[in-house]
Amino acid sequence: MAATLQVLPCLVRAPLRSLLWGTPVARRASGMALAEHARQLFESAVGAVQPGPMLQRALSLDPDGRQLKVRDRSFQLRQNLYLVGFGKAVLGMAAATEELLGQHLVQGVISVPKGIRAAMERAGKQEMLLKPHSRVQVFEGAENNLPDHDALRAALTIQQLAEGLTADDLLLVLISGGGSALLPAPIPPVTLEEKQMLTKLLAARGATIQELNTMRKALSQLKGGGLAQAAYPAQVVSLILSDVVGDPVEVIASGPTVASAHNVQDCLHILNRYGLRSALPRSVKTVLARADSDPRGPHTCGHVLNVIIGSNTLALAEAQKQAEVLGYRALVLSTAMQGDVKNVAQFYGLLARVAGARLISSTAGTSVEEDAKLHELAAEFQLSDLKLEEVLKAVAEARGPVCLLAGGEPTVQLQGSGKGGRNQELALRVGVELERWPLGPVDVLFLSGGTDGQDGPTEAAGAWVVPELPIQAAAEGLDVATFLAHNDSYTFFCRLQGGAHLLYTGLTGTNVMDAHLLFLRPQ
Ligand SMILES: Nc1ncnc2c1ncn2[C@@H]1O[C@H](COP(=O)(O)OP(=O)(O)OP(=O)(O)O)[C@@H](O)[C@H]1O
Ligand SMILES: O=C(O)[C@H](O)CO
């Protein structure tokens with residue numbers, strides 16, 4: 001998520017209302033009513049994981065304001081409350097926390113992306129901004145999600161605050177995605193540049209976020225429970241907005257308040273897997289060699305309460321509820337969609353075909369081959385929570401409009417130098433897939449959007465498509481295959497019907513991966 005949000009370049013001529021869903025002409029186009037519902041449901045998903053409501057749900061003060069309740073735990077408040085935070089959504093989380101607990105807050109320090117305050121101001125999101133005389137000091141850094149010297153300064157200030165706490169104090173830690181890059185504190189003699197280089201190399205070779213953060217933890221003073229250790233003997237409560245599939249607290253932002261269960265062997269394994277063992281800087285070898293013989297052993301976190309306060313699951317549950325209100329049979333397929341965007345697109349294309357056939361009539365169903373192929377594709381993703389059979393069964397019984405919801409974070413192997421994001425590329429690819437399969441008398445619409453409101457380095461959050469997409473594109477002389485070959489989905493959608501298929505929300509101030517919505521409505 002780049003922190004700045006500029007004018008929407010492909011739509012500068014359009015009035016504000018039509019920026020969202022296009023011109024009146026486009027509005028009449030096929031699928032426009034479904035598109036309006038898709039936008040509403042996407043917004044309700046994002047709304048459920050806004051910092052304010054999330055923190056109000058997670059925290060409560062007793063009537064005399066002396067006890068803070070978090071889940072089933074109570075903490076005494078007596079001018080002993082401190083706050084630190086790091087992550088893309090932490091500015092709004094800190095503002096909401098100060099709003100709720102300001103009278104008890106002694107001091108706070110947060111590390112947030114460069115330019116985020118200005119972007120929130122431009123977007124008119126006052127609720128995401130701290131008040132003028134806030135007790136929370138803000139550091140902006142980690143441009144392009146890479147740790148830099150500004151983030152390092154923030155991390156050292158956070159460390160100092162934590163180390164100064166006593167057993168009477170309570171430290172609230174606000175954590176969200178992007179927290180790893182915003183809290184760099186390499187163990188000497190490893191330098192910031194060396195750590196940055198290693199994480200960049202691992203990411204470029206396809207390391208997963210779990211692998212990347214295992215390495216980050218091994219080389220950091222604050223990750224893998226280091227921050228909790230620094231705050232000891234104060235009590236620590238971490239409020240975590242998850243941007244990782246399955247909400248693993250030890251992985252999100254590299255688990256600064258969760259004892260690391262990894263050892264040096266795990267790190268060597270990862271380095272071997274990506275052919276990086278021999279290229280390691282001497283400093284990294286030194287730190288890894290020291291780690292297992294550290295007499296203090298791993299960090300202990302018995303004084304910590306880690307709480308997930310927002311996640312993709314929560315966001316989809318709200319969208320599901322709203323879809324039912326709009327009259328859809330709404331079903332959540334998975335909150336763990338991962339895998340190459342091409343395969344994910346193929347899956348959704350085939351799902352529309354198979355589910356669509358079941359919706360209109362079980363006898364005019366799809367071929368055995370199509371059904372088998374759909375299950376084969378699903379099995380390849382190895383999704384822990386996929387409910388394909390249940391969903392297909394429910395669709396067959398639905399007899400009316402259906403909305404299938406999923407969440408996660410597919411990956412794009414970048415080959416071209418075009419402008420796009422994984423949501424727009426997924427939508428474009430699904431548009432192509434939808435045309436490949438005869439769908440029968442069913443209206444279909446697919447939307448993919450990033451819940452942070454910014455898809456890759458573009459101003460859009462995502463896009464929506466209908467099966468007529470290839471025909472619409474051809475009518476405007478747009479060759480979909482060429483745009484896809486250059487990873488140029490944003491340019492494509494800007495040109496298609498004057499940008500009517502792009503989803504614009506502006507920066508949302510939250511981040512729980514992506515949301516995918518597939519609508520099927522018998523004609
Ligand atoms: N031209 C492009 N076409 C398609 N995808 C792209 C393009 N350029 C970048 N991306 C994808 O965008 C993603 C990076 O953008 P973004 O900052 O939104 O994601 P992120 O860093 O994973 O953040 P978040 O998890 O907060 O969404 C990467 O997955 C990258 O592959
Ligand atoms: O910061 C990070 O480590 C990633 O966003 C995952 O939480």
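Numbering of ligands and ligand atoms starts at 1, following listing order.
- Below 4.0 Å from some heavy atom of G179 lie the following atoms of ligand 2, by number and element: 1 (O).
- Note: no N/O pair closer than 3.5 Å links V251 and ligand 2 by distance alone.
- Between F446 and Y348, the ring-plane angle classifies as tilted under the 30° and 60° cut-offs.
- Contact atoms of ligand 1 toward G418: 1 (N) (distance under 4.0 Å to a heavy atom of the residue).
- Numbered from 1 in the order shown, with element, the atoms of ligand 2 that lie under 4.0 Å from a heavy atom of N213 read 3 (O).
- At under 3.5 Å, not a single nitrogen or oxygen of G177, backbone or side chain, sits near a nitrogen or oxygen of ligand 2.
- The distance criterion of under 3.5 Å between nitrogen or oxygen atoms is met by R422 with respect to ligand 1.
- Among the atoms of K88, some N or O lies under 3.5 angstrom from an N or O of ligand 1.
- Between the NE2 atom in H262 and the CD atom in Q210 there is a gap of 8.5 Å [rounded to 0.5 Å].
- Here M513 has no heavy atoms under 4.0 Å from ligand 1, in either its backbone or its side chain.
- Counting atoms of ligand 1 from 1 in the listed order, those under 4.0 Å from a heavy atom of Q454 are 18 (O).
- Looking at V512, N487, T491 and measuring to atom 1 (N) of ligand 1, the nearest heavy atom belongs to N487.
- When only interatomic distances are considered, the shortest N/O to N/O separation between E409 and ligand 1 falls below 3.5 Å.
- Every atom of ligand 2 is numbered from 1 in the order shown, and the set under 4.0 Å from a heavy atom of I252 is 7 (O).
- When only modelled atom types and interatomic distance are considered, N511 and S176 share no side-chain donor-acceptor pair under 3.5 Å.
- Here atom 6 (C) of ligand 2 lies nearest to D243 when heavy atoms of T199, I175, D243 are compared.
- Side-chain polar atoms of D385 and T335 form a donor-acceptor pair below 3.5 angstrom.
- When each atom of ligand 1 is checked for a heavy atom of E425 under 4.0 Å away, the hits are 3 (N), 4 (C).
- When only modelled atom types and interatomic distance are considered, S242 and S311 share no side-chain donor-acceptor pair under 3.5 Å.
- A donor-acceptor pair shorter than 3.5 Å cannot be found between the side chains of T411 and Q338.
- A donor-acceptor contact under 3.5 angstrom links the side chains of N487 and E425, judged on distance only.
- Considering both main-chain and side-chain atoms, A181 never comes within under 3.5 Å of ligand 2 through any nitrogen or oxygen pair.
- In this structure, atom 3 (O) of ligand 2 lies nearest to the protein heavy atom S180 OG, 2.5 Å.
- Taking all heavy atoms of G456, G178, S489, S176 into account, the minimum distance to atom 18 (O) of ligand 1 is reached by G456.
- Near V244, with a cut-off below 4.0 Å to any heavy atom, the atoms of ligand 2 are 6 (C), 7 (O).
- Using a cutoff of 4.0 Å between basic side-chain nitrogens and carboxylate oxygens, K217 and E250 are not scored as salt-bridged.
- Between H37 and F519, the ring centre distance reaches or exceeds 6.0 Å.
- For the atom pair CG (L239) and CG (L305), the distance works out to 8.0 Å, reported to the nearest 0.5 Å.
- Within the 4.0 Å heavy-atom criterion, the part of L414 lying near ligand 1 is the side chain and not the backbone.
- Counting heavy atoms under 4.0 Å from ligand 2, residue L212 does not touch it at all.
- Of all atoms in ligand 2, numbered sequentially from 1 with element shown, those under 4.0 Å from a heavy atom of G178 are 1 (O), 2 (C), 4 (C), 5 (O).
- Using a 4.0 Å cutoff on heavy atoms, R216 counts as a contact of ligand 2.
- Residue-to-ligand polar distances keep P457 apart from ligand 1: every N/O pair is separated by 3.5 Å or more.
- A donor atom on one side chain and an acceptor atom on the other are found under 3.5 Å apart for H149 and E193.
- Using a 4.0 angstrom heavy-atom cutoff, G177 does not count as in contact with ligand 1.
- The pair R495-E476 does not meet the salt-bridge criterion, since no charged nitrogen lies less than 4.0 angstrom from a carboxylate oxygen.
- Neither side chain, H269 nor Q265, offers a donor N or O lying under 3.5 Å from an acceptor on the other.
- Listed by atom number, the atoms of ligand 1 under 4.0 Å from N511 heavy atoms are 26 (O).
- Donor-acceptor pairing under 3.5 Å is recorded for the side chains of E318 and Q322.
- The residues K114 and D150 are annotated as salt-bridged, a charged nitrogen and a carboxylate oxygen being separated by less than 4.0 angstrom.
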